[in-house]
Every structure is written in C-alpha cells, then in structure tokens.
Amino acid sequence: MTKRLLLVFVRTPKLGKVKTRLARTVGDAKALQVYEALLQHTHAVAARVAAEKWVCYADEVPEHDAWSDRGFVRQQQPPGDLGTRMLSLFALGLLEGYSSILVIGSDCPGLSSEILEEAFQKLEQPSCDLVMGPAQDGGYYLLGLKCLHPELFLEKPWSTSEVQAATLATALELQLNVALLPTLSDIDVEEDLTQWPSLLPTAPQG
C-alpha cells in the first residue's frame, strides 16, 4: 500500500520577515496579513489530504501555532539553499519508508486538496516518475517524486522565472516521465494579487 508524505514549506509569520517582495509596494504590515491568509488557506487544504504531513519551517519552529494541530509534524528545514533543503527532506522521507512524496509552499491561493489528491494519484501510477504543479511566474508550486533524483534540485536558478524550465530540462535529461498539474499563480508581488484581491486588506473607511 502506498505510504504518502506531504512536505509543507512555511515561514513563521513575522513583520518584515515574510513576503518581502510584496512588502516593497504594499508595506510590511499588509504583506504579513497576506501571508497569514495564505498560511490559513494552505493549512485548510493540507488538513483534508490523506497523507502524513511534515510542516517544515525556514526559520525557528514556534512553540505553538496553527500547525500544532494533531496530524502535522513540525520541524525545521535543514540548512542550504532551497534545492538542498528540498533534496534533504525528500531523502529523509524516502529513508523513512514513504513511497510518494509531495512538496508544496505556502503562497499559492489556488491550491486545493483536490489538486493534491490528483498529484498523489498521478505519482502513484507506474508510468509516472515526477509530478509538477507549474506556477505562472515560471517556478512551480508543487513537486512530487517516489525516487530520489538529486539533479532536479542542484544548481537551479531559484527565485527566478527559469526554475520550472530548468527542472523540466533536467527531467528530460534523466528520461523521467513527467505529469503536469494545472498552472496556478503564486503570490510574490502586488501584481499577483489582481487575481486574488480578497487577500489584500483594505484600509478602514472613515
């Protein structure tokens, strides 16, 4: 029977420490509120998925937060760049016996539990080696594997619009069969909020 693992990459919501690109135009306070809304959405989506869940913090793990709920294992991300951190946690998950592993971030308001279930189902097909959720900005909001391929994570142009293409090019070189999910938008800059205006708090009237 398939043993599923969902890795959720998050940051502790702190003023001036999250959504820094967004904060350049909307301010630190609004950027924090947007990120808190995104965390709530990601939590709700992940909670409904039938899988083990590791919540992986880029900074310190708070004593208590929404992820303290039963069903989530909280831990700190290992050191290194984003690729190294993902690679380490995929390796650890496979070592602990998980056969299908997905990693997601916490800044995609279009993500749903149905998409995560679809990703697991695609990955569990014998013909699928890798599942990816492409992001509109050229990155990806989800990656899934059942065998470790370090090349997918090493020497990639993280935080650029080239990540998705570079990862797919590596998959092609490795002759991996890739399944793609619907393309969704991440929230990184103010323009991204045009599709999700409810995430941007408005100033009180009066």
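What's counted below: heavy atoms across the whole structure, side chains too, no hydrogens, waters or symmetry copies.
- No donor-acceptor distance shorter than 3.5 angstrom exists from the side chain of Ser161 to the backbone of Asp137, with no hydrogens or angles considered.
- Each salt bridge (charged side-chain N to carboxylate O under 4.0 Å, His left out) pair with one or both residues in residues 157-172, not counting sequence neighbours, would appear here, but there are none.
- Pairing each heavy atom of Ala171 with each of Val178, the nearest pair is CB-CG2, 3.8 Å.
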Below 3.5 Å, can you tabulate the donor-acceptor pairs from side chains in residues 85-98 to any protein atom, sequence neighbours excluded?
residue: Arg85; atom: NE; partner: Gly80; partner atom: O; Å: 3.0
residue: Arg85; atom: NE; partner: Asp81; partner atom: O; Å: 3.4
residue: Arg85; atom: NH1; partner: Gln77; partner atom: OE1; Å: 2.5
residue: Ser88; atom: OG; partner: Thr84; partner atom: O; Å: 2.9

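- With sequence neighbours excluded, the residues satisfying side-chain contact (heavy atoms from CB on, under 4.5 Å) with Ala37 are Leu199.
- Within the 3.5 Å criterion, the main-chain N or O of Val49 finds no donor-acceptor partner in the side chain of Ser113.
- Contacts of Ala166 classified as side-chain contact (heavy atoms from CB on, under 4.5 Å), with partners at least two apart in sequence or in another chain: Lys156, Pro157.
- Identified under the salt bridge (charged side-chain N to carboxylate O under 4.0 Å, His left out) test for residues 41-55, with sequence neighbours left out: none.
- Considering all non-hydrogen atoms of both residues, Val8 and Gly105 come closest at CG1-O, 4.4 Å.
- Applying the side chain to side chain donor-acceptor pair (under 3.5 Å) criterion to Gln195, with sequence neighbours excluded, gives Gln136.
- Taking CG of Leu168 as the reference point, atom CD of Glu173 lies at 11.5 Å (rounded to 0.5 Å).
- Ser99 has its side chain out of reach of Lys146: every pair of non-hydrogen atoms, C-beta onward, lies at least 4.5 Å apart.
- Results of the side-chain contact (heavy atoms from CB on, under 4.5 Å) test with Ile101 over Leu7, Leu6, Leu148 single out Leu7 as the only residue that passes.
- Counting only heavy atoms from C-beta outward, the side chains of Trp67 and Pro62 never approach each other to under 4.5 Å.
- Residue pairs meeting the salt bridge (charged side-chain N to carboxylate O under 4.0 Å, His left out) criterion with at least one member in residues 61-76, sequence neighbours excluded: Asp65-Arg74.
- Residues Leu142 and Val10 fall within the same hydrophobic cluster, defined by Ile, Leu, Val, Met, Phe, Trp and Tyr side chains chained together at heavy-atom separations under 4.5 Å.
- A donor-acceptor pair under 3.5 Å is formed between the side chain of His43 and the backbone N or O of Ala66.
- Every side chain to side chain donor-acceptor pair (under 3.5 Å) that Gln121 has, sequence neighbours left out, goes to Glu117.
- With values rounded to the nearest 0.5 angstrom, Leu5 atom CG is found 5.0 Å from Trp54 atom CH2.
- The hydrophobic cluster containing Leu102 also contains Tyr57, counting ILVMFWY residues as joined when their side-chain heavy atoms lie under 4.5 angstrom apart, directly or transitively.
- Once rounded to the nearest 0.5 Å, the distance linking CZ of Arg21 with CG of Asp188 reads 4.5 Å.
- The cluster map of Ile, Leu, Val, Met, Phe, Trp and Tyr, joined by side-chain heavy atoms under 4.5 Å apart, puts Phe72 and Leu111 in the same cluster.
- When the side chain to side chain donor-acceptor pair (under 3.5 Å) test is applied to Ser100, no partner is found at least two apart in sequence or on another chain.
- For the pair Leu38 and Trp196, the minimum side-chain heavy-atom distance is 4.5 Å or more.
- The heavy-atom pair separating Phe9 from Ser106 by the smallest distance is O-OG, 3.2 Å.
- The shortest heavy-atom contact between Val45 and Ser112 is CG1-C, 3.4 Å.
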May I have the list of side-chain donor-acceptor pairs in residues 123-135 shorter than 3.5 Å, sequence neighbours left out?
residue: Glu124; atom: OE1; partner: Arg4; partner atom: NH2; Å: 3.3
residue: Glu124; atom: OE2; partner: Arg4; partner atom: NE; Å: 2.7
residue: Glu124; atom: OE2; partner: Arg4; partner atom: NH2; Å: 3.4
residue: Asp129; atom: OD2; partner: Asn177; partner atom: N; Å: 2.7

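- Contacts of Glu60 classified as salt bridge (Lys or Arg N to Asp or Glu O under 4.0 Å), with partners at least two apart in sequence or in another chain: Lys14.
- Under the 4.5 Å side-chain criterion, counting only non-hydrogen atoms from C-beta, Ile104 is not in contact with Tyr141.
- Side-chain atoms of Lys19 come within 3.5 Å of backbone N or O of Ile187 as a donor-acceptor pair.
- Of all the heavy atoms in His149 and Leu145, the pair that sits closest is CD2-CD2, 4.1 Å.
- Judged by distance alone, the side chains of Ser185 and Asp192 never bring a donor and an acceptor atom under 3.5 Å apart.
- Side-chain atoms of Gln76 come within 3.5 Å of backbone atoms of Asp59 as a donor-acceptor pair (strictly under, hydrogens ignored).
- The minimum heavy-atom distance linking Leu22 with Ala31 is given by the pair CD2-CA, 4.1 Å.
- Under a hydrophobic-cluster definition in which Ile, Leu, Val, Met, Phe, Trp and Tyr are linked whenever side-chain heavy atoms come within less than 4.5 Å, directly or via other members, Leu180 and Val103 are assigned to the same cluster.
- The hydrophobic cluster containing Leu143 also contains Leu154, counting ILVMFWY residues as joined when their side-chain heavy atoms lie under 4.5 angstrom apart, directly or transitively.
- Here Tyr140 pairs with nothing under the side chain to side chain donor-acceptor pair (under 3.5 Å) rule; sequence neighbours left out.
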Step-by-step side-chain contact (heavy atoms from CB on, under 4.5 Å) determination, Thr25 to Val189
CA-CA 8 Å; Thr25 56; Val189 295; over 6 Å; no
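- Taking a 6.0 Å sphere around NZ of Lys17, one finds it holds 12 or fewer heavy atoms contributed by other residues, nucleotides or ligands.
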